[in-house]
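Here is the structure we will look at.
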Amino acid sequence: GESVGLHLPTLSVQEGDNSIINCAYSNSASDYFIWYKQESGKGPQFIIDIRSNMDKRQGQRVTVLLNKTVKHLSLQIAATQPGDSAVYFCAEFNQAGTALIFGKGTTLSVSS
Amino acid sequence: EPEVTQTPSHQVTQMGQEVILRCVPISNHLYFYWYRQILGQKVEFLVSFYNNEISEKSEIFDDQFSVERPDGSNFTLKIRSTKLEDSAMYFCASSGGGDRVLDEQFFGPGTRLTVL
């Protein structure tokens with residue numbers, strides 16, 4: 001079936017470190033993935049997306065890597081800052097492209 | 001910057017009562033969605049809406065739920081007879097101008113529904 005998931009529920013890093021958040025997905029037909037950040041009491045906020053015809057996409061301080069062979073997605077945050085503390089979700093579209101399917105989320109805690 | 005807005009931010013209701021959650025999507029978007037998030041859990045899809053009709057709904061979206069776009073700006077979610085397990089954050093989202101259904105979805109801040 002369609003599902004996404006994350007390897008670790010929590011990740012704690014020091015300010016300035018690089019963070020890597022992982023996600024595994026099961027639908028090999030998925031062709032669009034999104035990483036969302038959710039701060040406490042707020043809605044999910046788009047960070048970066050990647051389509052299946054790409055292996056890597058870079059944004060400002062963030063990089064998403066897609067490995068279609070093992071159906072694995074990762075989000076790398078460079079020079080992590082306290083403001084990056086949040087829950088991070090990977091999401092994929094269902095086969096019809098009409099709904100986002102979210103993974104369980106990784107809580108990133110950044111200490112100064 | 002355009003954003004999705006939702007009202008109220010918090011709704012408390014008695015079990016069995018009807019609630020209407022309101023959303024104003026981004027003005028030029030064509031696709032509208034409702035998601036919910038039970039405390040501490042992942043975000044779950046409820047329903048998508050396009051061209052004045054439901055395009056997809058999940059198993060959660062049973063006969064107690066309905067959506068409506070009553071005018072050119074609002075998008076509502078109605079729960080006809082609330083149950084305790086309906087307590088959750090409800091997020092509205094919108095996306096897309098044109099034919100691209102696979103597009104970034106912009107989420108509102110959510111309505112926290114508490115059913116007593």
Please check if the number of heavy atoms outside B:K83 that lie under 6.0 Å from its NZ is greater than 12. yes

For B:F91 and A:G43 the tightest heavy-atom approach is CE2-CA, 3.2 Å

For the hydrophobic clusters of this structure (ILVMFWY residues joined by side-chain heavy atoms under 4.5 Å, transitively), does one cluster hold both B:F45 and B:V4? no

Determine whether A:V110 and A:Y88 fall in the same hydrophobic cluster, where Ile, Leu, Val, Met, Phe, Trp and Tyr are linked whenever their side-chain heavy atoms lie under 4.5 Å apart. yes

For a quick test of reading the model, state the closest non-hydrogen atom pair linking A:Y36 to B:Q105 and the distance between them. OH-O, 2.9 Å

Applying a strict under-4.5 Å side-chain criterion to I, L, V, M, F, W and Y, I'd like to know whether A:I50 and A:I48 cluster together. yes

Using a 6.0 Å cut-off, check whether atom CG of B:L116 has over 12 heavy atoms from anything other than its own residue. yes

Looking at OH of B:Y35 and CG of A:L100, how far apart are the two atoms once the value is rounded to the nearest 0.5 Å? 3.5 Å

Taking non-hydrogen atoms and a cut-off under 4.5 angstrom, which of residues 6-20 of chain B neighbour chain A? none

Assigning hydrophobic clusters by single linkage (Ile, Leu, Val, Met, Phe, Trp, Tyr; side-chain heavy-atom cutoff under 4.5 Å), is A:V87 placed with A:F46? yes

Can you tell me if B:D63 has over 12 outside heavy atoms packed within less than 6.0 Å of its CG? no

Can you see which heavy atom on A:Y32 is nearest to which on B:E104, and at what distance? OH-N, 3.6 Å

Any donor-acceptor pair under 3.5 Å linking the side chain of B:S48 with the backbone of A:T98? yes

Is the count of non-hydrogen atoms from other residues, nucleotides or ligands lying under 6.0 Å from A:Q60 atom CD greater than 12? no

Residue pair A:F89 / B:Q37: nearest heavy atoms and the distance that separates them: CZ-NE2, 3.6 Å

B:K57 atom NZ, neighbour heavy-atom count above 12 within 6.0 Å: no

For A:Q38, is it the side chain, the backbone, both or neither that has a heavy atom under 4.5 Å from a heavy atom of chain B? side chain

Linked, directly or transitively: B:M89 and B:I79 (ILVMFWY side chains, under 4.5 Å): no

If you count heavy-atom pairs within less than 4.5 Å of chain A, which of B:P109, B:A93, B:G110 leads? B:P109

